[in-house]
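Encoded as structure tokens, the structure appears first; notes follow it.
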4 protein chains.
Amino acid sequence: MPIKKGEKYIQILDAAVKEFAENGYHRTQVARIAKEAGVADGTIYLYFESKEDILVSLFTEKMGDFVDKLKQKLANVNGFREELRTLITHHLEVLGANPAQAMVTQIELRQIDPWINQGISGPLKSYFKVIEEVIRSGQDEGLVCKSLDVRLARKMLFGALDEVVTCWVMTDKKYELVSLADPIFEILESAFCKNK
Amino acid sequence: MPIKKGEKYIQILDAAVKEFAENGYHRTQVARIAKEAGVADGTIYLYFESKEDILVSLFTEKMGDFVDKLKQKLANVNGFREELRTLITHHLEVLGANPAQAMVTQIELRQIDPWINQGISGPLKSYFKVIEEVIRSGQDEGLVCKSLDVRLARKMLFGALDEVVTCWVMTDKKYELVSLADPIFEILESAFCKNK
Amino acid sequence: MPIKKGEKYIQILDAAVKEFAENGYHRTQVARIAKEAGVADGTIYLYFESKEDILVSLFTEKMGDFVDKLKQKLANVNGFREELRTLITHHLEVLGANPAQAMVTQIELRQIDPWINQGISGPLKSYFKVIEEVIRSGQDEGLVCKSLDVRLARKMLFGALDEVVTCWVMTDKKYELVSLADPIFEILESAFCKNK
Amino acid sequence: MPIKKGEKYIQILDAAVKEFAENGYHRTQVARIAKEAGVADGTIYLYFESKEDILVSLFTEKMGDFVDKLKQKLANVNGFREELRTLITHHLEVLGANPAQAMVTQIELRQIDPWINQGISGPLKSYFKVIEEVIRSGQDEGLVCKSLDVRLARKMLFGALDEVVTCWVMTDKKYELVSLADPIFEILESAFCKNK
DNA sequence: CATGAATGAGTATTCATTCAT
DNA sequence: GATGAATGAATACTCATTCAT
């Protein structure tokens, strides 16, 4: 039962983001992470169950923050349109501001054996829930058609954002990710709102 | 240089789809594929450069067909709306009809080291090109706003479809994938067409 | 240099017998012994030099008692035959009464690297000495042939007893070990005494 | 399912005896055995399941021979006394002639986790069976008391021989093991035969 | 073309032991 | 004396790939 707190926990996580983003998950040795974090190899295993657990924890840890912050922002905003805009902007801002993090989330995380990586589904689901709530609030507001399949809409919205970020990560992040917020907003707004 | 055709080539590819879909890419040993295909271990390397090449070839091979067929269908259809509908339906039909194939494409393919998997970008790009042409034809037709960023729209469209298929694959394929064609079409039509 | 006495010393030794007998020497972690003993990992090393030292001490500690008690019993007995009987009975009684102890002595102790385990030879030698004295007293008494190689006889006697106990330990201790004292005595008596 | 035959199988086994006898089981690395055998590390695992399997196979392989040869010798001999003498001599001869082998059998083999080493019990049992048959033939012949517990006698006989060999191995094999055959025979004959 | 025995590079993980508190 | 977080050495085993036949 690893210790999920403490200074060393953070050090290791930080070192891991750096190494994973730089060399990829499979090419990164645990010993390398330890060195970068300034701890002994064995110390890693006081805080994580396995190399894979580091990657999953990386995601879980950040995803918790991500959703919490998003919820806060949504609480300060009124109406479906603003909520949608907030959601999109938040997604792009956060990932755009942390390229290494984004790299790991978009690329490396998907290299884990899906038979094992149930670990990421929890935090991800809570994000999905928030997205669905936003869409549903649009329905309540009368802006979004009641007959819209909310789950389907969520998948499409998330998939669209996700692909945009992935492409950005893979093209060496040449442009400002957040600059895409407006055009994306307009497309998604059209997609979901009835008579614009 | 490997022989990229012949009876054994097909046998190996078929064995690989089966094994990858069943056990995942990393958990599948080359020896296992050879056994399933009824050939010797070494024979694999007469037809493929590496284990990874099998996975990539799997994708390339099918993606070629996929795009060819799609182009044929699009040639027989008039107007952006029908083209879009054809695109979506084709995507869902083909993947929905080949669950094992879909499993490999959606899940296993993403486990390859991105530093190496440039192999898939070729065939994928030709699909992207078709998608962009469809959107552009919508602009020419006056249905889609000229100011729409076609590449961005393509990413979102593809991302949306891709996520829908991934979710379907991961939920044990309980429903008919193609049954989602209509609702998806309506959302994407709204997304891209001006005043509906 | 470790403190070879005190309450904690006993606690650790007791915990070790339990764990070794239950899981075997190699499968037992020092941390586990510490936990079972209710002390910190590091505390172990205030009382023992190494994991191996625990096992060796276990043996030494008990072997000291074993030989002392045996000597006392022998002092109260007259004649080779009674001495031999006493020796056999003592061996079977003590080990039969402490199955966990016997398990460790007969099985686990032999898993130690013989390049290091000189530690056990001391206490064992004093037992061997007692056995040899008993045999020699038989010679003095005229019951045992003078030409008998006492060291050889000792090895055979000890080996015979040892194997009997090992078999008992490995067959889940289904019968009373001490019940074998009589038949064993008769065989060994015949073995060593001239014309019975 | 490892290949239990072939030239390489023998090479590896020979290399293993040498290394185990020289450095002990735990101190011997698999890579070292491979080097000594002139094969690649991985090749070991084509012929053996694990490092432990090498040690067990070592014993099994030789024990088969040992028992077969013993049976042949016994077939050419008449009467309990000669059979017993044959048994003892064979035991001492074979082990005395192969000190490295004896080292491994008497010392290293016992370092294997008894929870796993069921592998050795088979071949050993067939030896036990032969010993018991010899004793039983003595009973049939009228030389050994019918009331003697044959299994107990076997354990004592085997334990006695075993301990003698172990002592010999551990004292740097300074004397000829087989020279002990006569005195041992006399002791065991007295032990089991009624009126000498 | 086909074979499959042989190769050997590559590394996550364990756990006895230490030492600063 | 006691603690327990931190250490880091140590290595069996896998499996994609090759090549002699």
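All values below were derived from every heavy atom in this structure, side-chain atoms included, with hydrogens, water molecules and symmetry-related copies excluded. Every chain is numbered from 1 and lettered A, B, ... according to where its sequence line falls, protein lines coming before strand lines.
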Determine the interplanar angle of the B:Tyr9 and B:Tyr47 rings, folded into 0 to 90°, and report it as parallel if under 30°, tilted if 30 to 60°, perpendicular if over 60°.
tilted
Convert the base pairs of DNA chain F into dot-bracket notation, remembering that pairs crossing earlier ones are written with [ ] and that bases paired across to another strand are shown as |; include only Watson-Crick or G-U pairs under 3.5 Å.
.||||||||||||||||||||
Considering heavy-atom distances to DNA chain E, does D:Val39 or C:Ser50 have its closest nucleotide positioned more toward the 5' end?
D:Val39
Under 4.0 Å from OP1 or OP2 of E:dC15: is there any side-chain N or O of C:Lys51 that close?
no
Which pair of heavy atoms, one from A:Ala37 and one from A:Ile12, lies closest together, and at what distance?
CB-CA, 3.8 Å
Does NZ belonging to B:Lys62 count more than 12 external heavy atoms closer than 6.0 Å?
no
Are the side chains of B:Leu13 and B:Phe48 in contact, using a 4.5 Å heavy-atom criterion?
yes
Criterion side chain to side chain contact (heavy atoms under 4.5 Å, CB included) against B:Glu19, the qualifying member of B:Arg32, B:Gln29, B:Arg27, B:Lys35:
B:Arg32
Round to a whole Å and report the spacing from CD of A:Glu49 to P of E:dT14.
10 Å
Using whole Å, what does the distance between atom P of nucleotide E:dA12 and atom CZ of A:Arg32 come to?
13 Å
Which residue, D:Val30 or B:Ala31, contacts DNA chain F at a nucleotide closer to its 5' end, judged by nearest heavy atom?
D:Val30
Tightest non-hydrogen contact, residues D:Ala15 and D:Glu36, listed as CB-CG, 3.4 Å
When the distance from CZ of C:Arg27 to C1' of E:dC15 is rounded to whole Å, what number comes out?
15 Å
Nearest-Å distance for atom pair CD/P, residues C:Glu52 and E:dC15:
17 Å
Candidate pair A:Leu46 and A:Lys8, rule side-chain contact (heavy atoms from CB on, under 4.5 Å), full reasoning:
CA-CA 10 Å; A:Leu46 292 176; A:Lys8 294 236 165 76; over 6 Å; no
Outermost DNA chain F nucleotides near chain A [under 4.0 Å, heavy atoms]:
F:dA6 to F:dG8
What residues 40-48 of chain B contributes to the DNA chain E interface at heavy-atom separation below 4.0 Å is B:Ala40, B:Asp41, B:Gly42, B:Thr43, B:Leu46, B:Tyr47
Between E:dG4 (P) and B:Gln29 (CD): distance, integer Å:
17 Å
Where is the tightest heavy-atom contact between B:Val169 and B:Met103, given as atom of each residue plus distance?
CG1-SD, 3.4 Å
